[in-house]
Amino acid sequence: MTAGLFNEMANQIAANGYALPRTIPGYTADGLPFAYPPLMFYLLAVVREVLGVGPLTASRVLPQVYAVLYLVPFYFLAEEVLDSRRQAGIAAVIGATSPEIFKWHLSSGGVVRGGAYFFALAGLYVGVRLFGAHRRRYALAGAALFGLTLLSHVRYALFFGASYVIFWALVDRGRGGLGLGASVAGGGLLVASPWLVTVASRFGTQPLLDASGTHGGLAAVAPAAARLLMVVPPRTELLSIWHVVFLLGMMLLVARREWFLPAWFVALAFVTHKSQFLFVIVALVCAKVLMEDLVPLVRRKLEFDLPDRAVSLAVVGLLLSYSVGAGALFVTNYPVSQYQSVFDASNRMPSHLSDGDAEAMEWIQTETRPNATFVSVGERTAEWLPLLSDRQLLVGYWGVEWEGAGEWQRQKSLYFSLNVCDDAACLADRMSEANVTPDYLYLHTDGQPAGKIRSVEDSEAFVVVFENDDAIVAEYRPEEV
């Protein structure tokens, strides 16, 4: 989810007089280097300060704003690629209702990702026009948008840059286009240079290299192959109809030697295998095959005459209604996939902090000493703890990618190993093995086995000092283990 960390970064920017901070306190024992692309954190800080809203409100509202805004460049990109307003509208609806896209942007982490997606999609629209028309004004716009994307999120900038290379290879392949593409890259780096130079002067280039080795890395063959075949667990127990239409569409496009969309998808699957990027192409393929193949097929198979417009409305309306309904069910986390587990968030919509957790963190801020340290167990609450309680969280992988893949993997493994513990003894053992000794354990109780909660309440190693319907705060006494 990461919205807690994102809001803490916005806090640090505002507290530092809008100069770029050096570190982010509260996350892990030593804090984190502030090497993140900072643009969206500056915007978040300004919005919160000008409107006077808190972090929870901003994390609920801003992603919804971005999720509407990025549909505008999504539509124009689709219209440019498909050369059809009707198909572009269908593609935009698919993009708006597919969990593979909105899971990353409509959730609270969308305070950063949603804005980055807007810049990236706008840049892709400009890129298609750039390599088709060779006009310098498109290169200038592309450079500005690439810089803004890079200043928002590095992986979205990778999506942007890789797509430009693919556009040049598939549409242009000339020296003029190569030069214009290079000017976009150079201009974008120039726009982002204040941040890049600051990070390099403080930390060297290593944080940028370290971050690229996490979250699956780049050009990862196994995830790419899974994405190529769409072999992924279902987001809900309802089948995503667009997976089926997409696979059919890819076969039809290859059979007709229409290579642009299939080649773009395959290349991106190996460069960045994240679903929010690949589903842009899925939406384009589905819209194209729906109107050019499936609707005509239904029209031919009908044994009675209907106006062409009525057939189109019926087929498209039925599929889009199914898509909207399935997306709505995903947003409400019902029905979640059979692959869902308590701590695995991949197949459900990230939720916001509960009132009980907010109450518990307020208690921590007023009733524990300022230098108290915590380990938090229970998905979706831990990363909010440093922000809302002003206390140190010792275990958590959010933002640790800037310290290297090894440390990121260590923190992530420890965090999830604590989450799968069935009782208090396991929690104490795992912390002891990792040489982690917090002052308190924070246990988010929603979704936790009743036996695990009782074992913490009855344990000699943990003394419960606060409890409500959603959370337990327990003082950790390792000497009693």
Exercise for review: Kindly say whether G54 contributes a backbone atom to a donor-acceptor pair with the side chain of T57 at under 3.5 angstrom?
Suggested key: no
Practice item. Answer yes if the side chains of T373 and R391 hold a donor-acceptor pair under 3.5 Å, and no otherwise. Key: no
For residues 15-24, dump all side-chain donor-acceptor pairs below 3.5 Å to protein atoms at least two apart in sequence or in another chain.
| unit_1 | atom_1 | unit_2 | atom_2 | d |
| --- | --- | --- | --- | --- |
| N16 | ND2 | A19 | O | 3.0 |
| Y18 | OH | E49 | OE1 | 2.8 |
| R22 | NH2 | R202 | O | 3.4 |

Practice item. Answer with yes or no whether the side chains of T366 and E362 bring together a donor and an acceptor at under 3.5 Å. Key: no
Review point. Can H153 and F160 be said to form a ring pair (Phe, Tyr, Trp, His ring centres under 6.0 Å), step by step?
Key: CA-CA 11 Å; H153 200 292; F160 186 122; over 10 Å; no
Review point. Is it true that E457 and R454 make a salt bridge, defined as a side-chain N closer than 4.0 Å to a carboxylate O?
Key: no
Exercise for review: For residues L77 and V280, determine if any side-chain heavy atom of one lies less than 4.5 Å from a side-chain heavy atom of the other.
Suggested key: yes
Check your understanding: Which atom names give the shortest non-hydrogen contact between E8 and P386, and what distance separates them?
Key -> OE1-O, 4.4 Å
Check your understanding: Any chance the rings of F146 and F119 have centres within less than 6.0 Å?
Key -> no
Point to revise | Crowding at CG, D458 (>12 non-hydrogen neighbours, <6.0 Å) | key: yes
Point to revise | Residue pairs involving residues 157-166 (criterion side-chain hydrogen bond (donor to acceptor under 3.5 Å, both in side chains); sequence neighbours excluded) | key: S163-W264
Check your understanding: For Y70, what residues pass the side chain to side chain donor-acceptor pair (under 3.5 Å) criterion, not counting sequence neighbours?
Key -> none
Point to revise | Flag, side chain of S432 to backbone of A428, donor-acceptor distance under 3.5 Å | key: no
Exercise for review: Carefully, step by step, assess F265 and F246 under the rule ring pair (Phe, Tyr, Trp, His ring centres under 6.0 Å).
Suggested key: CA-CA 11 Å; F265 183 87; F246 169 75; 4.8 Å; yes
Review point. Between F118 and H105, is the gap from one ring center to the other below 6.0 Å?
Key: no
Revision key, fill the gap. The single option from V395, L394, L5 that satisfies side chain to side chain contact (heavy atoms under 4.5 Å, CB included) with Y27 is L5
Review point. Y66 and Y117: aromatic ring centres closer than 6.0 Å?
Key: no
Practice item. Could you give me the CA-CA distance, side-chain angles and deciding distance for V271 and F277, then say whether side-chain contact (heavy atoms from CB on, under 4.5 Å) is met? Key: CA-CA 11 Å; V271 175; F277 308 135; over 6 Å; no
Practice item. Answer whether the closest heavy-atom distance between the side chains of T381 and L385 falls below 4.5 Å. Key: no
Check your understanding: How far apart are the closest heavy atoms of G327 and F102, and which atoms are they?
Key -> O-CZ, 3.5 Å
Check your understanding: Between A283 and G95, which heavy-atom pair has the shortest distance, and what is it?
Key -> CB-N, 4.4 Å
Review point. Do Y397 and Y415 make the cut of ring centroids closer than 6.0 angstrom?
Key: yes
Practice item. Taking the side chain as every heavy atom from C-beta outward, state whether S354 and D357 have any pair of such atoms under 4.5 Å apart. Key: yes
Revision key, fill the gap. By side chain to side chain donor-acceptor pair (under 3.5 Å), E467 pairs with (sequence neighbours left out) none
Review point. So T368 and Y440, side-chain contact (heavy atoms from CB on, under 4.5 Å) or not? Walk me through it.
Key: CA-CA 9 Å; T368 64; Y440 295 91; 3.9 Å; yes
Check your understanding: According to the side-chain hydrogen bond (donor to acceptor under 3.5 Å, both in side chains) rule, which pairs have a member within residues 28-42, sequence neighbours left out?
Key -> Y36-E401
Review point. What's the verdict on ring pair (Phe, Tyr, Trp, His ring centres under 6.0 Å) for F6 and W398, showing C-alpha distance, side-chain angles and the deciding distance?
Key: CA-CA 10 Å; F6 291 166; W398 310 279; over 10 Å; no
Exercise for review: Check whether the side chains of Q276 and Y156 place a donor and an acceptor atom closer than 3.5 Å, and report yes or no.
Suggested key: yes
**Study point:** S417 side-chain N/O to L414 backbone N/O, donor-acceptor pair under 3.5 Å
**Key:** yes
Review point. Any chance the side chains of E359 and N468 put a donor and an acceptor closer than 3.5 Å?
Key: yes
Point to revise | Check: T445 side chain, D470 main-chain N or O, donor-acceptor pair, under 3.5 Å | key: yes
**Study point:** Side-chain heavy atoms of R48 within contact of N7, under 4.5 Å
**Key:** yes
Check your understanding: With S459, which residues qualify under side chain to side chain contact (heavy atoms under 4.5 Å, CB included), at least two apart?
Key -> A424, A461, F462
Review point. Is there a side-chain hydrogen bond (donor to acceptor under 3.5 Å, both in side chains) between W104 and S275 once you walk through the steps?
Key: CA-CA 9 Å; W104 297 94; S275 60; 3.3 Å; yes
Check your understanding: Are any non-hydrogen side-chain atoms of L44 and I13 less than 4.5 angstrom apart?
Key -> no
Review point. What closest approach, in Å, do L387 and P55 show between heavy atoms, and which atom pair accounts for it?
Key: CD2-CB, 3.9 Å
Check your understanding: Just wondering, more than 12 heavy atoms not from N371 lying within 6.0 Å of its CG?
Key -> yes
